[in-house]
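Here is the structure we will look at, set down as structure tokens.
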Amino acid sequence: MALNAGIVWAVVVLIAYSFADLFGKKVVLKFGYKRATALVSAISTVPFLILYLAYPAQPITEYSIELSAVAGIFYGVGFMLLYKALVTEQTTNTFALSEFFKAWLVLFGAFIAGSVLGLGQWSGIALIFLGSFMVITTENLHINKKLVYALSGFICWAVLWTMMYYAIINSGTYVPEGLIAAFFAVLSAIIVYAMFPDRKRAVAGHGEVRHWAGYAAIVGIAIGSGSLIFGFLIISKMLAQGAAIIALTPIIVAIASKRIYLDKLTTVQIAGILIAVFGALVLAVL
């Protein structure tokens with residue numbers, strides 16, 4: 001029963017993160033990646049703030065506060081690197097690289113929980129890494145250096161959630177930790193923007209985003225809500241299962257992006273996405 005409930009909540013996170021991934025590019029093209037990082041991370045604090053105000057008496061240790069603060073810096077830097085890649089790269093293959101940090105969370109969750117990965121699960125992890133590598137290649141099988149920004153951002157998020165795991169487990173709560181992390185993500189983005197402001201507001205050729213406020217709200221609330229629920233999955237000891245389910249976000253983003261952004265992929269990149277998604281399915285069912 002608990003596992004079924006965990007899967008249901010993980011599917012909610014999957015849907016929330018898919019919306020955030022899909023519309024993040026519109027916010028980036030309107031504001032530039034540094035402004036977009038500050039705006040989206042600021043809005044992402046709202047779900048945490050609402051729940052914290054509704055239930056204010058939530059204990060948190062000094063150790064968890066410190067971990068959450070440092071994790072928030074990785075949160076903001078990861079956002080900025082990811083959004084920098086989105087300025088020039090397609091939504092589909094950019095977010096396909098999120099399989100890296102989700103695979104790490106599955107491994108981390110399994111080992112922390114004391115579970116032993118079977119041959120099928122190891123195969124799923126290998127497929128995710130192989131598929132992700134194929135996605136960051138060009139037609140000539142050279143590494144797309146611009147996508148390395150996205151990969152670096154997702155590595156930062158792997159560090160973020162690893163630290164958040166320890167912060168959440170140490171205090172036994174997840175709302176104040178998430179609120180602190182989101183606050184420091186905003187602070188990091190503001191500091192970077194103040195030191196190195198964006199020169200361009202939007203990228204030429206993509207058109208002006210008319211409803212930028214709505215898109216920013218969708219992305220920020222979706223990320224905040226998804227992260228809030230993911231914190232619940234951590235404290236419920238469902239990290240591995242949750243990470244395996246949300247590893248399916250690229251297939252939703254790829255289908256929607258083909259219609260919204262008219263994304264085009266090489267044969268190798270398409271094969272890479274399919275391989276990575278198949279690897280995620282292996283992890284989810286085994």
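Only a predicted model underlies this, so the values are computations on that prediction, with no experimental measurement involved.
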From [X] atom [atom1] to [Y] atom [atom2], the distance as rounded to the nearest 0.5 Å:
X	Y	atom1	atom2	value
I43	I218	CD1	CD1	10.5 Å
R35	K30	CZ	NZ	10.0 Å
L29	T88	CG	OG1	10.0 Å
I273	F95	CD1	CZ	12.5 Å
T173	I60	OG1	CD1	5.5 Å
Y83	F31	OH	CZ	11.5 Å

With sequence neighbours excluded, residues passing side chain to side chain donor-acceptor pair (under 3.5 Å) with [X]:
X	value
S188	none
T61	S64, N170
S98	K102
E89	N144

(Q) Under a 3.5 Å distance rule, please check whether T45 uses its side chain to pair with a backbone N or O of S41 as donor and acceptor. (A)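 Answer holds: no.
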Q: Say whether, by atom type as modelled, one donor and one acceptor occur between the side chain of E66 and the main chain of Y63 under 3.5 angstrom.
A: no
Q: Sequence neighbours left out, what passes ring-ring contact (aromatic ring centres under 6.0 Å, His included) with F19? Give chain and number order.
A: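 None.
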Q. L67 and A167: which non-hydrogen atoms are nearest, and at how many Å?
A.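 So the two residues come closest at CD1-N, 3.8 Å.
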Suppose we screen for side chain to side chain contact (heavy atoms under 4.5 Å, CB included). Which residues come up paired with [X], at least two apart in sequence or across chains?
X	result
I270	L265, L274
Y52	Q58, V175, P176, L179
A276	E99
A69	I180, F184

Which pairs would a plain distance check flag for residues 219-234, meaning a side-chain donor or acceptor within less than 3.5 Å of a matching protein atom at least two apart in sequence or in another chain?
residue	atom	partner	partner atom	Å
S225	OG	I221	O	2.8
S227	OG	Y17	OH	3.0
S227	OG	I223	O	2.9

Q: Measure the shortest side-chain to side-chain distance between L14 and I252 over non-hydrogen atoms and say whether it is less than 4.5 angstrom.
A: yes
Q | Pairwise side-chain contact, W9 with V12, heavy-atom cut-off 4.5 Å (strictly under) | A | yes
Q) Do M80 and I73 share a hydrophobic cluster, counting only Ile, Leu, Val, Met, Phe, Trp and Tyr and linking them when any side-chain heavy atoms are less than 4.5 Å apart? A)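 No, because M80 and I73 fall into different hydrophobic clusters, even though each may have its own neighbours under 4.5 Å.
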Which atom pairs, donor and acceptor, lie under 3.5 Å between side-chain atoms of residues 150-164 and protein residues at least two apart or in another chain?
residue	atom	partner	partner atom	Å
S152	OG	V148	O	2.9
W157	NE1	Y75	O	3.2
T162	OG1	W104	NE1	2.8
T162	OG1	A158	O	2.7

Q) Is there a side-chain contact (heavy atoms from CB on, under 4.5 Å) between L239 and F108 once you walk through the steps? A) CA-CA 8 Å; L239 175 60; F108 181 81; 3.6 Å; yes
Q: Run through the side-chain heavy atoms of Ile, Leu, Val, Met, Phe, Trp and Tyr, join any pair under 4.5 Å, and report what else lands in V186's cluster.
A: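 The other cluster members (ILVMFWY side chains, heavy atoms under 4.5 Å, direct or chained) are I190.
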